[in-house]
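Structure first, commentary second.
Read the numbers this way: they start at 1 and go in the same order the structure lists the ligands and their atoms. For the numbers below, each heavy atom of this structure counts, side chains included, while hydrogens, waters and symmetry mates do not.
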Amino acid sequence: MLQLPKRPQPPKMLVSVEESYERCRQITQKYSKTFYLGTLLMPSEKRRAIWAIYVWCRRTDELVDGPQAKYTTPETLQQWQDHLQCLFKGNPIDDEDVALVDTLQRFPVEIKPFEDMIAGQHMDLHRNRYETFEDLKLYCYRVAGTVGLMSNAVLGVEKQPSIGPWNKQLENYIPKEEAIALGIANQLTNILRDVGEDAQRGRIYLPLEDLDRFNYTETDLFKGVIDDRWRELMAFQIRRARQYYKDAERGIRILSRDSRWPVWAALMLYQGILDVIEANDYDVFNQRAFVRTPKKMVYLPIAWLRAQVL
Ligand SMILES: CC(C)=CCC/C(C)=C/CC/C(C)=C/CC/C(C)=C/COP(=O)(O)OP(=O)(O)O
C-alpha cells in the first residue's frame, strides 16, 4: 500500500510561499502546456492560485495514474482526504501545500469539489469500464468538473448590472453549471485523445452502450480497428463534447473581465484537439492529437476578441 506521511509528524521546515508558488508554476508548465498558456493571460494573483490548485489536482490524479499507482488503496485515498482537511484548516504538510494554503486564504474556495475529486479517484481505482454515458458523466464531473468549480472561486464574477427586479437572481449568478460543463468538455476531449493509451492499460472510458450502438466491440478497440463504425462512433463522441463546450461558453461573460480571455483561450485550445482528431481521420491509436504552436498563436487573438464582445 502506498503510505502517505502519517500525522502528527516532527515539525518540518517548509519552503516560503513564494518558493512554493514557483514550484507549482514549474509543475503546471511541465505537465499541462495548454492550461499553462491560459494561465499566463491572467493577472498574477489569480495565475499563481490556479497553479497551486492545478498541482493539488495533479497530485491527486497521480495517486491512481502515476508511477506509484499500483500501491494505492482506498486507505491511501483516505489519508489524502485527511491531508486535505489539514490544508483547509491552514496547515500545510509539504512544500507544494504552502501555496495552496495561501490560495485558500485569499479566495473563497470550498472543500466540496476537492472531496468530490478524491471520490473520482476512488472510481478510477475500482473500475475500468463505464456502462452508460450517465456513469461516465459522473466520473468526468468528479475528476474535471470539480476543477471548474475550484477555478471559479479564483476567476471571480463581474457584478452584473441590475436591469430590474425580475433579474435579481442574475445579479448574484455564479456560473457553476457552465464551469462544470467546461471541465466535462475537457475531460471528454482528453478521453477521446487518449483512447489508445488507455486501451493499453486495459481501460475503456468510452461508454459501452455507445460501442454497442455503433456495433464496435471491445476487441476492435484493443486491436485499434479504424473503420466506418469507429469513425461514426468518434464523430458522435466529438459532437457530444462540443455541446459541452457550447454550454460552457455562456458562462464566460459572467466571469470577471480579467478572467474571460484566459478561459476563452483555454476553451479554444482544448477544443482544438477535437478538430485535430477529425483531421487525423479519427486515428487516435497511432498518433497523438495535439494543437501545434502556430495554431495556438492564432487562437489567442481570437479568444481575446471573444472575451471583449461575447
Ligand atoms: C466557463 C466558466 C464559467 C469557468 C471556467 C472554469 C474552468 C477553468 C474550467 C476548466 C476546468 C479544467 C481545467 C478541467 C481539467 C480537465 C482536464 C482534462 C485536464 C487535463 O489536464 P492534463 O492532462 O494535465 O493536461 P494536458 O491535456 O495538457 O496534458
Tyr31 six-ring face occupied by Arg58 cation (under 6.0 Å, within 45°): yes
Tyr130 and Tyr205 aromatic ring geometry - parallel, tilted or perpendicular at 30°/60° bounds: parallel
Other residues, nucleotides, ligands: >12 heavy atoms within 6.0 Å of Lys33 NZ: yes
Proximal protein residues to ligand 1, non-hydrogen atoms under 4.0 angstrom: Tyr31, Ser32, Thr34, Phe35, Tyr54, Arg58, Ala144, Val147, Gly148, Ser151, Asn152, Leu155, Pro175, Glu178, Ala179, Leu182, Gly183, Asn186, Gln187, Asn190, Arg193, Ala248, Gly251, Leu255, Val263, Tyr270
Tyr36 and Trp51 aromatic ring geometry - parallel, tilted or perpendicular at 30°/60° bounds: parallel
Tyr21 six-ring face occupied by Arg48 cation (under 6.0 Å, within 45°): yes
Phe285/Trp230 aromatic ring centres below 6.0 Å: yes
